[in-house]
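So you know, we letter chains A, B, ... as the sequences are listed, proteins then strands, and number each from 1. Worth saying up front: this structure is predicted, and the values here are computed from it rather than measured.
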Amino acid sequence: MRDSCNFEAVQAKVAALRTDIVRMITAAGSGHPGGSLSAVEIMATLYFGGVLNYDAENPKAEARDRFILSKGHAAPVLYATLANAGYFPREELTTLRAFGSRLQGHPDSLKLPGVEVSTGSLGQGLSISSGLAYALAFPASAQSPTVFTLLGDGELQEGQVWEAAMFAAHYRLSNLVAIIDNNELQIDGAVSEVMDVRDISAKLSSFGWYVLEADGHDVRALYKELTTAKAHKEGPAVVVAHTVKGKGVSFMENQCGWHGKAPNAEQCAAALDELCAPGEAALSVSDRPADREVV
Amino acid sequence: MSEKKATRAAFGETLVELLYEGVDVYAVDADLSGSTTTAKLAAVAPERHLNVGIAEQNMIDVAAGLSLAGKTVFTGSFAVFGTGRVYDQIRNTVCYTKLNVKITPTHAGISVGSDGGSHQMIEDIALMRALPNMRVLVPADFNSTKAALRIAAATPGPFYVRMGRANVPSLYPDTGGFELGRARILREGCDVTIVACGVEVYLALEAAELLAAEGIQAEVIDAFSLKPLDAATILASARKTGFVVTAEEHSVIGGLGEATAALLAENPGVAVKPLRRIGVQDRFGTSGEFEELFREYGLDAQAIHDVVVE
Ligand SMILES: [Mg+2]
């Protein structure tokens with residue numbers, strides 16, 4: 001964890017991640033743009049703001065902090081982050097979901113460096129992170145690596161999340177930081193309408209967690225709360241990040257229809273027009289089939 | 001066949017032995033530490049025994065997390081909860097990521113007894129066998145259970161070791177001679193091959209005694225390793241006797257019987273007579289004592305005998 005953060009550099013990565021996400025999902029012809037775009041600032045602050053301690057040259061370094069993407073369908077934002085962090089070539093991003101690619105539809109840790117564990121079936125990341133945090137903190141040491149895990153708000157409907165929430169507080173896992181990408185949408189509609197999870201902060205607080213909240217698209221706010229959460233040593237901490245699903249692409253924002261649908265070439269060009277400097281949008285996204293919907 | 005002991009009794013004892021031998025061993029249990037016997041590890045190394053409460057899904061994935069830090073991790077609970085309730089956690093996290101987690105619940109099969117059908121797990125072998133990267137061991141007595149747990153600990157990656165609650169006779173004098181993928185011939189014979197696993201092994205040996213009194217020489221094989229299955233040993237015996245009967249305290253769907261059926265079907269002509277499968281015939285269990293249940297479900301020595309002479 002650095003003492004200071006170059007927010008301009010993080011912001012530049014935010015822009016790069018968004019264009020990468022749109023390009024790779026368009027190239028794949030399927031994937032999950034909404035929940036990837038909502039988590040961009042979170043991922044950029046972790047990896048490029050100096051919150052997460054990692055070495056892309058040595059992905060298995062023992063002292064590294066761990067990041068686990070519990071909401072595995074947001075694989076595109078993880079892949080874009082790892083590529084920009086140097087784990088693998090950025091050109092590989094457009095192989096997303098293709099036969100033979102290391103960039104599986106959901107993260108596969110046996111294939112891609114930087115992925116700590118395979119995810120995709122929701123509700124498991126907090127349990128995995130809790131077990132990992134326990135092991136890394138024993139024997140107890142001030143230098144214990146921190147385990148960060150990113151969950152969706154809809155994912156909180158999985159009962160296992162609350163089993164893990166109890167466990168992490170009971171075992172006082174102070175090297176565990178959960179982040180909730182609280183974009184208020186899920187596949188079938190608004191979280192509040194499909195199955196209301198209600199007050200996430202109050203719930204986790206009552207479970208014994210140290211709860212912080214942040215505007216999930218403000219890298220300064222995220223940096224402040226994530227570093228505070230990491231420094232908290234009295235038990236597990238959570239940052240509830242308030243986000244907008246599809247953030248950055250006007251026609252995707254707050255639309256649950258863009259949870260698991262790829263843009264076609266035209267929509268991709270329009271998205272990149274919004275995200276990029278003029279001229280940059282002309283970058284090709286290959287000729288792989290587009291506009292297939294994943295249900 | 002003298003001293004009777006439950007296979008589950010080997011669990012906690014082996015964990016403690018592994019710890020003292022320097023294995024970085026952990027156990028994660030779900031409020032059943034006394035029954036599974038993982039409490040024995042907690043007694044000597046409390047920091048290595050995590051009790052998650054009544055939360056089996058969390059149990060499997062906490063174990064997964066521990067394994068990511070290089071630990072050798074055993075899970076607890078009863079087989080019905082420790083495999084069935086957590087199938088997705090075992091599939092999508094443990095097996096898909098090929099983690100060093102040993103799925104080792106106890107109280108498998110109808111020999112659980114009086115707890116009844118809700119607690120008598122009879123499709124766990126089918127579930128675990130179907131998973132890529134999973135190895136399946138079904139030990140028959142206390143010593144072979146110790147051996148199975150040791151093989152699981154020494155071999156990286158996911159394992160399922162099936163243990164039971166009932167006291168069963170000792171069949172092996174020690175833990176030596178067991179290997180992944182290797183069956184053991186406990187009695188030689190030339191008229192019929194009985195391939196059994198778990199508690200059915202000693203019942204097959206009893207059936208062999210009944211058959212011998214009638215002049216029928218049964219060869220009894222302890223399958224032990226259901227995945228990988230010891231094809232060579234089973235086929236060689238089938239070639240010799242021409243008649244194979246399988247016996248398992250498990251559904252006839254997806255277990256040892258079907259694994260053997262596939263093996264024989266892929267090697268036509270080895271067995272002359274059609275395969276017969278002893279097992280639970282696509283029905284749930286019910287409350288009762290061991291002898292009552294094994295008679296009702298056609299799993300006892302008499303039932304094995306009857307199928308052979310039929
Ligand atoms: Mg959501």
Next on the checklist: Need one label for B:Leu50: side chain, backbone, both or neither, based on atoms under 4.5 Å from any heavy atom in chain A.
Outcome noted: both

Checklist entry - If only atom types and distance count, is the side chain of B:Thr83 paired as donor or acceptor with the main-chain N or O of B:Val80 below 3.5 Å? => result no

Checklist entry - Which one, B:Val73, B:Leu68, B:Val52, leads in non-hydrogen pairs under 4.5 Å with chain A? => result B:Leu68

Checklist entry - For chain A, which of B:Gly65, B:Gly53, B:Ala55 has the most heavy-atom pairs under 4.5 Å? => result B:Gly65

Checklist entry - Looking at B:Glu56 and B:Arg85, does any basic side-chain N land under 4.0 Å from a carboxylate oxygen? => result yes

Next on the checklist: Under a 4.0 Å threshold between the charged nitrogen and the carboxylate oxygen, would B:Arg48 count as salt-bridged to B:Asp24?
Outcome noted: yes

Next on the checklist: Using a 6.0 Å cut-off, check whether atom CD of B:Glu21 has over 12 heavy atoms from anything other than its own residue.
Outcome noted: yes

Checklist entry - Hey, is CD1 on B:Ile54 packed in by over 12 heavy atoms from elsewhere, all under 6.0 Å? => result no

Next on the checklist: Can a side-chain donor-acceptor contact be found between A:Ser121 and A:Gln124 if the only test is distance below 3.5 angstrom?
Outcome noted: yes

Item to check | Check: B:Glu249 and B:Val280 side chains under 4.5 Å, non-hydrogen atoms | outcome: no

Next on the checklist: Under 6.0 Å between ring centres: does that hold for B:His107 and B:His119?
Outcome noted: no

Checklist entry - Among residues 165-180 of chain A, which residues come closer than 4.5 Å to chain B, judged by heavy atom distances? => result A:Phe167, A:Tyr171

Item to check | Which portion of A:Glu62 sits near chain B, non-hydrogen atoms under 4.5 angstrom | outcome: neither

Item to check | Proximal component of A:Ser109, with respect to chain B [non-hydrogen, under 4.5 Å] | outcome: side chain

